[in-house]
Structure formats: structure tokens, C-alpha cells
Amino acid sequence: MIKIKIYEWADQNYNNSFTADTGFTQKFRTGLTLLSKNNYENYYTRLKLIHTFQNKCIEIFRRALKDDDQLMLNWLLNETPVSFGKNYHKELEDIFYKRPVFFRTDELDYGKICEIQCPGSLWGELQLCYEFAKGQYTEFDMQSPVENFNMQLTKYLGDQPVLHYLIDNASGQPGVRYFISKSRKCTSPIKYYGIDKNINSEDVNFVRSHSVYGEWAENYFKERITKKSVQYDLPPYILFDQKATLCLPFWSKTKSYFSDEIRNIFAYTTPIYDDTLELPEGKCSIDDFSEWPRSERNYYLKYAGADVSLNWGSRAVYRLSNLSKEKCKNILYEKIEEAKRGRIWILQENIIRDEDVEYIERNGDIKKDKMRGKYSGFYGPYDFLGLLTMYRKFNKVHGQEDTVIALGIPEK
């Protein structure tokens, strides 16, 4: 494939999926991202740990509902609308309290998770990078992510998957449409309600959505949970549609539920709800923390709650090492006051990984820059599907036009 034609090829792949004009809007790295074999194998072996983490989060949440534990419910329900608040979650039947099925991690270094999103965006970008690599490298033998997705979903359901994909709340629409198109043309294709002929709403057995609010507002939701007629990718409760769970392995009130092995796969994360912070070094007042040199205040302040207008796409995220002592102290006290009203915030360790990245411009020029990396592992219920690496000359790396992407593979 001639390099100057790469973006023409990528645009056609995206546009031909649903007769669109958006094209592919990011950039390709010139080669693959090579990981050590140990780093890459960790993506396979840690799925069991992630599942254990998710199971423990469900256990904590359901125990808080049963015991009417106000502190935990204030944290985990926070700004959820009353109509889908405590009573809804208490009455939701056991069959729906499952783990997320397919999900994406976000990592600031290989193996250090800062977020888990179900299903998350970028599945189409992962598949496109796979197709790009397959066309460039003759010895490339990785399994197609979308083929793997279809196989895992068929095994999970024990039947032919028929999906209702609520794509209206997906942030990366072109990639989602491309992934749907590829999954309909696989060796074992998937059927989609609203796309494939002769598929009715009652034929659906799996619902995908990028927001639990989208599930709750969907026309057939009440009927589907009453009849227990479908399974959900993102479970139809609030727990896994926010960042509130990320502090649970580290918070003194919940850390006993989790092993050190689980803690080791996450970036250190702590809640903000009073004027004392729980940090790896021990407890610390906000006043003292704010006096630390900027280089030692190496944390992000992130909105962690259920307000869908704030918890997507790097919104409501502050890098505390960029702030003066006074501004740092003021914003932390401001967030304590918000927490009292249900708007919750976390501090999360900022792990920095910069790489020299060579990439292809739209005009075919090859450039090289030192860029900030972000890494995303894609998972199904049984196995790892692939690694997407992303780079940008800024701290927020996710789908912008100047983001460079590549497939991650192990070194030979």
C-alpha cells in the first residue's frame, strides 16, 4: 500500500460503511507499537483480575443498597436521577446485576488502568489499525478483533447474536458505524435491529449502548427488563457508567475487598469528600497537599459521578501540577462543597509516558515528534481482543484530529 494512499483507503473504509462523508479523522503511526512479550501477555492474564474487581464493585454496591449505607450510596449513586435512583436499583432483578461484557481500558502506561469504559469508543479504530497492519506486514498473524468479538458474543449468548446498538450516544460515530459494518460481514456475521432485513425488536437478544441513560430511555427498555428477554453489554444500572468505582480498591472504607494484585493494575485513585486526602504516603490535609511543589502534586482531579454531561471525553479533568498553590487549594475546597451536594470528585495519580513517534501526514510526509501516550486494551467476556495505542502532543489523548494511532503487538 503506497503511504500517500493510506488516508484515501481509510476514508473509503469509514465512508462506505454507512454512506457517510466524515472519513477517518486521525493519523496513522508509520509502524506498529512493539511491546515486550511480558507487557503484552499481561493484557491476556489480567482479565481475571479485572473481572474480580468488577465483581467486588457489584458486591459493595448491592450491600450498600441492602444495608441502606448512606455514605456508600451517596458515593455510588451521587447524581443519578431519582427515578432511576435507590428504589430502581433495589428492585432491579438479580439477572441484570452482571459485569460489563465488552469493555475498553484507558491507561497512561502499559498495564496501569485509569479508566474502564463499557463498551467505550474506538472499536472501529482498533479494527481499522488491524486492517492497516494486515495490509502492510506479510508476517502479521493477529486474529481480527471483529471476528473475535463475534465469536465471543456468540459463545456468551449461546445463540446467534441479534443486536440493538444504540449508537446515538456514541462519541466516535464513524468508528462505531465501521465496526458494525465489519461485524455484519464476518465469517459468522451478526444481525442488527434497524439495519438487517426481517429483524424485529422481539428478535433482539443483546443491547449495546455507550450510556446507561440511553438504555433507560430506549423504547423497549421496560418491556425487555420485565420479560428478561435481552442481555446488556453495559449492565442497566449506574455503577459502571461513571468513575466512582476507581477509588474503591484504595479507599480505606472499601480497600479490604480488594487484593494488592488488583490494586497494582490501577493508577492510584482516592475520593474527595472532606478536607483530608488519603494518599500513598498517608493521610494529608488539603492545605498541606496544596503547599507541595507542583512536581509532587502529580495528580489529576476528575469528576467521578453519574452526570452524563460531565463524565465523557476528558470533560471536568484538571491537572493539579499545572495549578498554583492557591488555585489548587481553592479548587479542592470547591469540590468538597460540591461533594456535599452529590457531585463527586477523585484524585488520580498522573503516570506520564512520552514516546518518540513517527507518523504519516495526510499529504504523505513523514514526521517524528515526542508525544504523550495513552493505551487501550479491548476485552470480551472470555479474552483480550487487541491493543490500540494513541499519541498526541498534549495531556488529553483521545480521538482528536492530531491524535496518532497504531496497533500494539508483542516483539518477536
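Note: hydrogens, waters and symmetry copies are ignored here, and every other heavy atom, side chains too, is used. Note that the structure is a prediction, hence the values are computed from the model and not measured.
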Can you check whether F149 and F179 have ring centres sitting under 6.0 Å from each other?
yes

With E107, which residues qualify under salt bridge (Lys or Arg N to Asp or Glu O under 4.0 Å), at least two apart?
R46

With a 3.5 Å distance limit and no angle check, can you tell me whether N298 reaches the backbone of E349 through a side-chain donor-acceptor pair?
no

Among all residues two or more places apart in sequence or in another chain, which pass the side-chain hydrogen bond (donor to acceptor under 3.5 Å, both in side chains) test with Y40?
none

Hits for salt bridge (Lys or Arg N to Asp or Glu O under 4.0 Å) against K197, two or more places apart or cross-chain, chain-then-number order -> none

Are F289 and L347 close enough that some pair of their side-chain heavy atoms sits under 4.5 Å apart?
yes

Are any side-chain N or O atoms of Q127 and backbone N or O atoms of V146, one a donor and one an acceptor, separated by less than 3.5 Å?
yes

Partner set under salt bridge (Lys or Arg N to Asp or Glu O under 4.0 Å) for E338, not counting sequence neighbours:
K335

Quick test of your reading: applying salt bridge (Lys or Arg N to Asp or Glu O under 4.0 Å), list the pairs with at least one residue in residues 81-90, sequence neighbours left out, ordered by first then second residue.
D68-K86

Side chains of W123 and Y178 only: does a donor on one sit below 3.5 Å from an acceptor on the other?
no

Quick check against the 3.5 Å criterion: does N205 have a side-chain atom that pairs as donor or acceptor with the backbone of V162?
yes

With T245 via side-chain hydrogen bond (donor to acceptor under 3.5 Å, both in side chains) - residues at least two apart
none

With side-chain contact (heavy atoms from CB on, under 4.5 Å) as the test, pick out the partner of I116 among F240, Y379, F53.
F53

With side chain to side chain contact (heavy atoms under 4.5 Å, CB included) as the test, would you mind laying out the steps for S376 and Q117 before giving the verdict?
CA-CA 10 Å; S376 287; Q117 297 188 29; over 6 Å; no

Would a line drawn from the ring center of H210 to the ring center of Y165 be shorter than 6.0 Å?
yes

Just how far is it from atom CG of L65 to atom CG of L73, taken to the nearest 0.5 Å?
5.5 Å

Taking only distance into account, with no hydrogens and no angle test, what donor-acceptor pairs under 3.5 Å do side-chain atoms of residues 275-284 form with protein atoms, sequence neighbours excluded?
from: E278; atom 1: OE1; to: S252; atom 2: N; distance (Å): 3.0
from: E278; atom 1: OE1; to: S252; atom 2: OG; distance (Å): 3.4
from: E278; atom 1: OE2; to: S252; atom 2: OG; distance (Å): 2.7

Candidate pair F258 and F250, rule ring pair (Phe, Tyr, Trp, His ring centres under 6.0 Å), full reasoning
CA-CA 8 Å; F258 303 91; F250 306 97; 8.6 Å; no

Going through the distances and angles, do D307 and R343 end up as a salt bridge (Lys or Arg N to Asp or Glu O under 4.0 Å)?
CA-CA 8 Å; D307 184 339; R343 176 156 288 184; 2.8 Å; yes

State, with a plain yes or no, whether a side-chain heavy atom of F378 is found less than 4.5 Å away from one of P119.
no

Y7 side chain vs I360 backbone, donor-acceptor pair below 3.5 Å:
yes

Could you tell me whether K182 and E147 have a side-chain N and a carboxylate O separated by less than 4.0 Å?
no

Quiz question: by atom type and distance under 3.5 Å, do the side chains of R353 and Y391 form a donor-acceptor pair?
no

Residues that Y43 engages under ring pair (Phe, Tyr, Trp, His ring centres under 6.0 Å), provided they are two or more places apart:
F384

Run the side-chain hydrogen bond (donor to acceptor under 3.5 Å, both in side chains) test on S121 and R104 for me, step by step, so that the C-alpha distance in whole Å, both residues' side-chain angles and the decisive distance to 0.1 Å come before the verdict.
CA-CA 8 Å; S121 57; R104 186 199 82 216; 3.1 Å; yes

Any chance the side chains of K98 and Q231 put a donor and an acceptor closer than 3.5 Å?
yes

Is E361 close to K27 at the side-chain level, that is, under 4.5 Å between some pair of heavy atoms?
yes

N/O donor-acceptor pair under 3.5 Å between D106 side chain and I113 backbone:
no

Strictly distance-based, threshold 3.5 Å: is any side-chain N or O of T254 a donor or acceptor partner for the main-chain N or O of L248?
yes

Going by the rule ring pair (Phe, Tyr, Trp, His ring centres under 6.0 Å), which residues pair with Y192 if we only count those two or more places apart in sequence or in a different chain?
none

Quick one: pull up CG in N87 and CD in E91 and give me the separation to the nearest 0.5 Å.
5.5 Å

Tell me if a side-chain donor or acceptor on N350 pairs with a main-chain N or O of Y300 at a distance below 3.5 Å.
no

Ring centre gap for Y97 and Y237 strictly below 6.0 Å
yes

How about Q160 and T154: do any of their side-chain heavy atoms sit closer than 4.5 Å?
no

So, W345 versus Y273, ring centres under 6.0 angstrom or not?
no

Any donor-acceptor pair under 3.5 Å linking the side chain of N78 with the backbone of N74?
no

Can you tell me if T105 uses its side chain to pair, donor with acceptor, with the backbone of G377 under 3.5 Å?
yes

Does any N or O in the side chain of Q152 come within less than 3.5 Å of the main-chain N or O of D383, such that one atom is a donor and the other an acceptor?
yes

Does either side chain, that of Y299 or that of Y318, offer a donor lying less than 3.5 Å from an acceptor on the other one?
no

Sequence neighbours excluded, which residues qualify as salt bridge (Lys or Arg N to Asp or Glu O under 4.0 Å) partners of D94?
R62

Sidechain N-carboxylate O distance under 4.0 Å for D109, K112:
no

Report the C-alpha distance between H89 and F61 in whole Å, list the side-chain angles of each, state the deciding distance to 0.1 Å, and finish with yes or no for ring pair (Phe, Tyr, Trp, His ring centres under 6.0 Å).
CA-CA 10 Å; H89 284 88; F61 184 46; 5.4 Å; yes

Partner of N200 by side-chain contact (heavy atoms from CB on, under 4.5 Å), out of N198, D203, V204:
D203

Non-neighbouring partners of Y156 that pass ring pair (Phe, Tyr, Trp, His ring centres under 6.0 Å), sequence neighbours left out:
none

Quick check: do Y257 and K255 have side-chain heavy atoms less than 4.5 Å from each other?
no

Hits for ring pair (Phe, Tyr, Trp, His ring centres under 6.0 Å) against F206, two or more places apart or cross-chain, chain-then-number order -> none

Rounding to 0.5 Å, atoms NZ (K37) and CD1 (I409) come to a distance of 11.5 Å

Verify whether one side chain among R29 and T33 offers a donor that lies under 3.5 Å from an acceptor in the other.
yes

